[in-house]
Amino acid sequence: MSKKIPLGTGLAILFIVMAATIAITMKVSMSVYNSLIGDLTNRTSMYSNLSEVDELVREEFYGDISSDSVNAGIAEGYISGLNDPASYYLSSTEYVNYYNRLRGKMSGTGLTCKFNSDTGHLYVTAVAVNSPAEAAGFKTGDEITSIDNKEVTSKNYKELLLNLEGEKLSSVNVTYVRNGESKTENLVMGYSLSTVNVKSVGSVGIVSINAFYENTVSQFKDAINNLIDNKCTAIIFDVRNCSEGSIKYATEVLDVLVPVATDGTAAMATAVGKDGKTIKTYPSDSDCVVLPMLVLVNGKTSGPAELFACDLRDFGKAELIGTTTNGIGTMQEIHQFADGGAVVLTIAEILPYKSESYNKTGLKPDYDIPLTEEQTSKIGIMSESEDPHIQKALDLLNQ
C-alpha cells in the first residue's frame, strides 16, 4: 500500500536536492575556473615576457631578423625549458633525417665506426654483410683517416660520420689505413643502415645493438637465426651506449626472445599517462629463444635499450653486467608543425614487465663493474680480452 508524502515535505526534499546539485555544480565549476585562471595567469606572464623581448630586439638589435629562425628558436627554447632530456625540438631538416632513421629508411655504406682517441682516426668496428663497404674490401680494425678529402679529427669526426649515410646511389670517398698502407675507396650508398652487429667468441654470440629503429627488428631476427643455425650455445647482448629508437621497436625485438607475458603487468611494457591512465600496452607472443643470455649496460644505455635490458631480467632470461643505466623510462611522440619542424615530446612513463619504473633512477646491474674513462671511450674498439664486461660475461657462461 503506497503512502502519500505531504506537499510541504515534498517541496522541502526538492529544495534540498536542488541546493545540493547547485553546490556540487558550483564546486566543480570553481575548480575548473581556478585551474583555467591559474593557467591563464602563467600564460599571460609568459606572453608578456616574450612581448618585452620582441619589442626590445626590434628596437635595439643591430642586424636583420629572420622570423623563421626566431620562431624555431622560440619553440626550441620552450621545449628546452621543460628540463626533460627525452623531449626536444627538431628543425624541418632534422625532422626528415630523424623520421628516416626511425623508420629504417636511411641508406649507408655498411660501415660502423667509432672514434679512436689513440690514433685520432675512425676505427671500423663492424662491416655489414653484402654492403658496399664489404664489397670494397673493408674489414673490422681498419682506421679511416679521411672522408670526402676531409681529414678526421677529434672535432669533426661526428660530422664526418654522417657522410657515411645518405640517399641511395649517392657516393662518398673513404680513405683508410691497414698495416701502414693507405687506400681510398668510393662507396655508393645502397645498404640499409645497420643497427645490429654480430660476432662470435667460440660458441658464444655477441650481438651489439646501437639503436632500436624499424629495421632493427628484421636485422635482429636474422642475427639470432644465424647464431642458432651455427649452433650458438649462449648470447651476450651489448646495449652499452645505446639510446636511440622507440619503445615500440624495442618491444618488437624483445618479443623475439621472451614468451607470453602473463605475470606482473601482463605486458612487456605499459605506457601510463600523467593522469595515471594506461595509454598503451605491449603484449608478447609465445615464441621465445631458449639460450643462456647476458646483457651489457652502462651509463649511456638509455630509453628503449633500458627497457630491453630490464625486461630480459624480469622474464628471468638474463642478468645485467656493467654500470647503472641512464634512467630514461618514458615514451615519446612526434608532433610535426606546419613549417616542417617537429617536437619529440614525452607523453607517458613506461612500466616494465615486473620491475618498478627505472625512470630517473636507472637499472642497477647484477654485476657492477666500473670501467676507466679510457676503457669507456674504447667500447667497441677493445678486443674481447681487454673488455672487462665481456670477460665477466664469458666467465659467467663458462661457469
Side-chain angles (χ1 to χ4, degrees), residues 38-108 113 115 122 146-172 189 193 210-214 241 243-247 274 300 302-304 326 328 330-348:
D39 188 48
L40 180 61
T41 301
N42 292 333
R43 288 189 178 192
T44 300
S45 176
M46 179 179 67
Y47 295 150
S48 176
N49 290 340
L50 184 58
S51 177
E52 288 184 33
V53 171
D54 182 60
E55 185 177 348
L56 172 65
V57 169
R58 293 186 183 281
E59 288 183 0
E60 304 291 341
F61 177 63
Y62 182 78
D64 296 328
I65 300 173
S66 168
S67 296
D68 290 342
S69 296
V70 169
N71 290 338
I74 291 171
E76 184 175 4
Y78 189 107
I79 300 301
S80 176
L82 300 177
N83 295 320
D84 174 24
S87 296
Y88 47 91
Y89 174 80
L90 298 169
S91 66
S92 56
T93 302
E94 290 170 336
Y95 170 70
V96 171
N97 183 61
Y98 174 90
Y99 180 85
N100 287 337
R101 291 177 72 86
L102 189 63
R103 298 300 183 191
K105 294 182 178 180
M106 291 295 285
S107 297
C113 307
F115 183 72
L122 287 170
S146 71
I147 298 175
D148 274 344
N149 301 318
K150 291 184 179 180
E151 185 179 353
V152 175
T153 69
S154 60
K155 294 182 179 180
N156 71 0
Y157 76 90
K158 291 182 179 179
E159 176 187 346
L160 292 182
L161 274 174
L162 296 176
N163 292 341
L164 297 179
E165 57 188 62
E167 295 182 1
K168 284 188 176 181
L169 302 183
S170 60
S171 64
V172 60
M189 310 289 179
L193 212 57
N210 55 51
F212 288 89
Y213 298 146
E214 185 173 328
N241 300 339
S243 62
E244 295 186 11
S246 76
I247 295 297
K274 64 180 182 180
K300 292 185 179 180
S302 183
N326 192 25
I328 304 294
T330 52
M331 183 176 78
Q332 287 68 42
E333 270 191 358
I334 309 169
H335 298 267
Q336 190 178 17
F337 301 134
D339 65 355
V343 161
V344 178
L345 187 67
T346 295
I347 63 164

Could you walk me through whether I74 and L50 pass the side chain to side chain contact (heavy atoms under 4.5 Å, CB included) test, one step at a time? CA-CA 9 Å; I74 291 171; L50 184 58; 4.2 Å; yes
In Å and rounded to the nearest 0.5 Å, what is the [atom1] to [atom2] distance from [X] to [Y]?
| X | Y | atom1 | atom2 | value |
| --- | --- | --- | --- | --- |
| C113 | I147 | SG | CD1 | 6.5 Å |
| N326 | K300 | CG | NZ | 10.0 Å |
| R101 | E165 | CZ | CD | 4.5 Å |
| E59 | D54 | CD | CG | 10.0 Å |
| S67 | D339 | OG | CG | 12.0 Å |

Could you report the tightest heavy-atom contact between [X] and [Y], atom names first, then the distance?
| X | Y | result |
| --- | --- | --- |
| Y89 | E94 | O-OE1, 4.1 Å |
| P304 | S243 | CD-O, 3.8 Å |
| V172 | L164 | CG1-CD2, 4.5 Å |
| M189 | S107 | CB-CB, 4.2 Å |

Donor-acceptor check, side chain of N156 to backbone of E151, threshold 3.5 angstrom: yes or no? yes
Looking at I79, is its backbone amide N or carbonyl O close enough to the side chain of S87 to form a donor-acceptor pair, meaning the two atoms are under 3.5 Å apart? no
Do the non-hydrogen side-chain atoms of [X] and [Y] ever get within less than 4.5 Å of each other?
| X | Y | value |
| --- | --- | --- |
| E214 | L102 | no |
| N97 | T93 | no |
| F115 | L161 | no |
| T330 | Q332 | yes |

Run the numbers on I328 and T346 for side chain to side chain contact (heavy atoms under 4.5 Å, CB included), then give the verdict. CA-CA 10 Å; I328 304 294; T346 295; over 6 Å; no
Below 30° counts as parallel, above 60° as perpendicular, anything between as tilted: where do the rings of Y88 and Y98 land? perpendicular
